[in-house]
Amino acid sequence: MTGGCLCGTVRYRLASAPFDAGWCHCRTCQLNSGAPAMAFASVRDGDWVAESGSDSIRTVQSSNFGHRGFCAKCGTPLYMKVDHQPETVDFSVATLDDPNAIAPEFHIFWSDRIAWFEESQPLPRHDKFRPDTRGLKGTEPPA
Ligand SMILES: [Zn+2]
Ligand SMILES: [Zn+2]
């Protein structure tokens with residue numbers, strides 16, 4: 001699978017099949033995207049491969065447990081890395097050339113959702129992280 005940013009500077013490919021696709025409604029995702037929620041999926045760390053524009057990717061520390069990469073020229077959010085899951089990287093599903101290739105299967109941080117967000121098909125809803133989130137013991141974000 002391949003994808004890229006709005007301006008076309010950053011182009012990437014996935015070196016393995018993505019998994020764990022889901023919606024995140026946390027406040028950080030809302031502000032980072034300017035949208036009510038973001039859809040992410042995971043690949044093994046290193047399998048989100050920038051094929052062009054890697055020198056235009058900037059990162060921002062978005063929480064005390066993670067950072068996000070984005071295109072410095074157009075602002076498109078590209079990926080997120082969280083400290084409790086060093087073995088994977090989460091990328092923005094909407095940046096795939098074919099965003100229909102993988103569909104979200106759950107909601108996290110449902111408790112932060114904007115009230116007018118409506119989904120076409122009800123999915124499992126978790127107020128914070130999922131109980132079985134890799135790298136976490138419970139459902140709370142790392143302190
Ligand atoms: Zn761009
Ligand atoms: Zn989020």
Side-chain angles (χ1 to χ4, degrees), residues 1-15 18-45 47-143:
M1 294 184 193
T2 56
C5 67
L6 172 64
C7 75
T9 300
V10 178
R11 294 288 307 161
Y12 69 87
R13 70 180 167 83
L14 303 180
F19 57 96
D20 264 0
W23 284 104
C24 185
H25 297 261
C26 81
R27 190 65 184 142
T28 302
C29 282
Q30 291 169 0
L31 293 174
N32 185 235
S33 65
M38 292 184 77
F40 288 104
S42 302
V43 288
R44 285 192 304 268
D45 191 38
D47 283 358
W48 187 96
V49 183
E51 303 229 282
S52 67
S54 59
D55 56 351
S56 291
I57 298 175
R58 297 290 182 275
T59 59
V60 59
Q61 185 80 34
S62 48
S63 69
N64 59 0
F65 57 89
H67 67 272
R68 294 170 186 238
F70 61 97
C71 174
K73 293 190 174 166
C74 69
T76 298
L78 295 165
Y79 65 81
M80 171 174 60
K81 281 285 295 175
V82 292
D83 297 340
H84 55 276
Q85 295 175 345
E87 74 283 8
T88 53
V89 57
D90 304 326
F91 67 94
S92 310
V93 172
T95 63
L96 287 171
D97 293 331
D98 178 12
N100 290 304
I102 180 166
E105 295 166 349
F106 56 85
H107 297 276
I108 60 171
F109 288 84
W110 184 252
S111 55
D112 286 348
R113 78 190 176 283
I114 295 174
W116 43 258
F117 179 92
E118 286 184 41
E119 56 185 339
S120 56
Q121 193 177 351
L123 299 170
R125 298 163 176 179
H126 306 283
D127 276 351
K128 293 188 176 173
F129 284 114
R130 287 187 294 168
D132 56 349
T133 294
R134 286 171 296 106
L136 289 182
K137 294 212 160 44
T139 62
E140 293 286 332

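The chain is numbered in sequence order, starting from 1. Order of listing sets the numbers, starting from 1, for every ligand and every atom in it.
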(message) Distance check below 2.8 Å: does His25 bring an N, O or S atom to the Zn ion (ligand 2)?
(response) no
(message) How wide is the angle at the Zn ion (ligand 1) spanned by Cys5 SG and Cys71 SG, rounded to 10 degrees?
(response) 110°
(request) Find out whether Cys7 and Cys71 are in side-chain contact, i.e. whether some heavy atom of one side chain is under 4.5 Å from a heavy atom of the other. (result) yes
(message) Rounded to the nearest 10°, what angle sits at the Zn ion (ligand 2) between SG of Cys24 and SG of Cys29?
(response) 120°
(message) Between Glu140 and Lys128, does any side-chain N to carboxylate O distance fall below 4.0 Å?
(response) yes
(message) Using side-chain heavy atoms (C-beta onward) and a distance below 4.5 Å, is Asp127 in contact with Trp110?
(response) yes
(message) Is any side-chain heavy atom of Thr139 closer than 4.5 Å to one of Phe109?
(response) no
(request) Could you tell me the angle subtended at the Zn ion (ligand 1) by SG of Cys7 and SG of Cys74, rounded to 10°? (result) 110°
